[in-house]
2 protein chains.
Amino acid sequence: MLQAALELTDEVGLEGLSMRKLGQRLGVEAMSLYNHVDGKDDVVGAIVDAVWSLVPAPDPSASWREQLRSSAIDLHHAFVRHPWACVFFPPSVGPARLRAMESMLRALHDGGLPAAVAYHAHHVIDAYVIGFTHQMSGYVPPDLTGPDGKELDPKVYVQSIGGELPHLAEHIDLHGVEESLGLGSGFEFGLDLVLDGLARHVPGEPR
Amino acid sequence: MLQAALELTDEVGLEGLSMRKLGQRLGVEAMSLYNHVDGKDDVVGAIVDAVWSLVPAPDPSASWREQLRSSAIDLHHAFVRHPWACVFFPPSVGPARLRAMESMLRALHDGGLPAAVAYHAHHVIDAYVIGFTHQMSGYVPPDLTGPDGKELDPKVYVQSIGGELPHLAEHIDLHGVEESLGLGSGFEFGLDLVLDGLARHVPGEPR
DNA sequence: ACCTGAACACCGTTCAAGT
DNA sequence: ACCTGAACACCGTTCAAGT
């Protein structure tokens with residue numbers, strides 16, 4: 001049934017998931033589900049944790065930086081595949097997510113970061129990975145087809161809403177060609193900003 | 001009416017906001033609202049943009065770094081006051097948010113950051129500010145009162161869910177005393193990691 | 001132009017009743 | 001032990017009817 005819930009949510013999203021539809025998919029009335037599950041929050045918590053369980057534990061023999069980096073990227077990919085799971089507060093925090101948190105804190109600690117830095121680093125990285133991925137996979141480009149059916153210039157589109165906003169119009173112009181800017185993916189660019197900053201907090205390895 | 005919607009949402013949250021309750025507060029049936037507004041998405045988009053309008057435009061004579069930093073902190077505070085507005089995708093992006101985006105992109109451009117860096121920086125900072133603030137203000141500490149009414153040790157609480165997770169237990173122990181770690185707020189710590197990283201991309205000012 | 005009541009198509013969840 | 005139908009308390013939204 002957990003499998004059915006996950007597939008259904010992949011198809012219809014978290015908003016579209018309902019006990020009635022889930023029952024229907026299982027060939028059963030919605031009310032029967034309450035014999036196996038506490039309620040909707042229970043199933044949402046379970047399927048979100050199932051996505052967390054897809055990210056492999058980091059290699060403890062790698063450097064702290066490589067562990068954090070590859071875990072963040074693996075998590076990012078899992079959320080790209082299941083965008084509805086990219087959420088700060090699922091109804092409950094399951095064991096898979098707890099294990100991921102433990103791995104990250106262990107890597108920071110073993111890497112020699114001061115406790116205060118490790119404490120904040122954990123929240124900063126979580127916020128960045130979930131935040132950026134959520135933002136990225138939820139984005140839908142604005143509809144640029146004008147009332148006459150022709151494509152609007154970003155400049156006039158932006159102006160129609162907010163007035164004279166030249167930098168914003170230029171920014172929208174770069175959509176779709178951002179990979180050609182020579183900086184790699186936006187996600188990794190930001191991730192490395194954070195990790196580089198953390199590296200400068202490792203005592204004994206200044207730079 | 002926009003004012004009433006904002007106050008109501010401050011009280012009951014975004015989940016609690018309904019056309020019926022909003023009508024009730026205005027002394028009118030819910031269906032009357034559709035004469036003044038396109039639908040619920042319309043009012044949510046409007047009140048979210050009203051919160052964005054609370055953050056002042058940055059001082060253009062300040063350095064790009066100071067502009068970004070103080071805008072991010074102002075936005076953070078606005079979202080702490082109105083947590084329901086701290087959302088990546090409101091039903092619509094209003095003029096206040098567009099103006100904030102323009103100010104940020106202008107500061108990055110005038111500060112001499114390469115176009116590719118400015119492009120990604122915008123998304124990274126947005127993701128971080130919204131992500132961290134959302135995470136922070138939505139967090140509710142786990143209920144540590146055991147079945148006998150006594151307070152559980154974080155170690156045994158964490159173990160009851162996920163097994164042996166020593167670093168996570170230690171992390172939970174630091175909750176509430178994180179301000180005493182000597183690194184300032186977690187939000188500003190992460191923000192400075194990002195801004196410091198961006199500063200190293202300014203050509204001609206190596207370091 | 002603005003408001004209203006009834007209705008429609010949905011929700012999560014409870015509960016007594018069945019097997 | 002598991003399933004069911006009816007019901008409750010909610011949603012957003014439409015639409016014909018009123019003033």
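Numbers restart at 1 for each chain; the letters A, B, ... are given by sequence-line order, proteins then strands. No experiment lies behind these values; they were computed from the predicted model shown.
- Side-chain N/O atoms of H36(B) include one lying less than 4.0 angstrom from OP1 or OP2 on dC3(C).
- Taking the six-membered ring where the residue is Trp, the centroids of F187(B) and Y128(B) are separated by under 6.0 Å.
- At whole-Å resolution of the value, CG in L17(A) and P in dT13(C) are 11 Å apart.
- Distance Y34(B) OH to dA17(D) C1': 19 Å, rounded to the nearest Å.
- K21(A) has no side-chain polar atom (N or O) that falls below the 4.0 Å cut-off from OP1 or OP2 of dC10(C).
- Here the C1' atom of nucleotide dT13(D) and the CE atom of M19(B) are 9 Å apart, to the nearest Å.
- Closest of all the heavy-atom pairs between H76(A) and V129(A) is N-CG1, 4.5 Å.
- Across all their heavy atoms, I47(B) and A5(B) have their closest contact at CG2-CB, 3.8 Å.
- Going from atom CG of L33(A) over to atom P of dA1(D) covers 19 Å, rounded to whole Å.
- Partners of R69(B) under the side chain to side chain donor-acceptor pair (under 3.5 Å) rule, at least two apart in sequence or in another chain, are E188(B), D192(B).
- With both ends at atom P, the span from dA9(C) to dA9(D) equals 22 Å, rounded to whole Å.
- For the pair Q24(A) CD and dG12(C) P, the computed distance is 13 Å after rounding to whole Å.
- Residues satisfying the ring pair (Phe, Tyr, Trp, His ring centres under 6.0 Å) test with Y139(B), not counting sequence neighbours, are H175(B).
- Comparing dT14(C), dC11(C), dC3(C) by their nearest atom to the side chain of V28(B) picks out dC3(C).
- Note on S32(A): every side-chain N or O is 4.0 Å or more away from OP1 and OP2 of dC2(D).
- Taking atom CG of D41(B) as the reference point, atom P of dC11(D) lies 16 Å away to the nearest angstrom.
- Between D49(B) and A96(B), the closest heavy-atom pair is OD2-N, 2.9 Å.
- Along DNA chain D, the nucleotide closest to R20(A) and the one closest to G39(B) are compared, and the more 5′ of them pairs with R20(A).
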Secondary structure of DNA chain C in dot-bracket form (Watson-Crick or G-U wobble, distances below 3.5 Å, | marking inter-strand pairs): ||.|||||...|||||.||
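- Of the candidate nucleotides dT13(C), dC3(D), dT14(D), dT13(C) has the atom lying nearest to any side-chain atom of K40(A).
- Look at E164(B) and R99(A) and you find no salt bridge, because none of the NZ, NE, NH1 or NH2 atoms lies under 4.0 Å from a carboxylate O.
- Rounded to an integer number of Å, the gap from CE of M31(A) to P of dT14(C) is 12 Å.
- Atom CD in E15(B) sits roughly 13 Å away from atom C1' in dG12(C) (whole-Å rounding).
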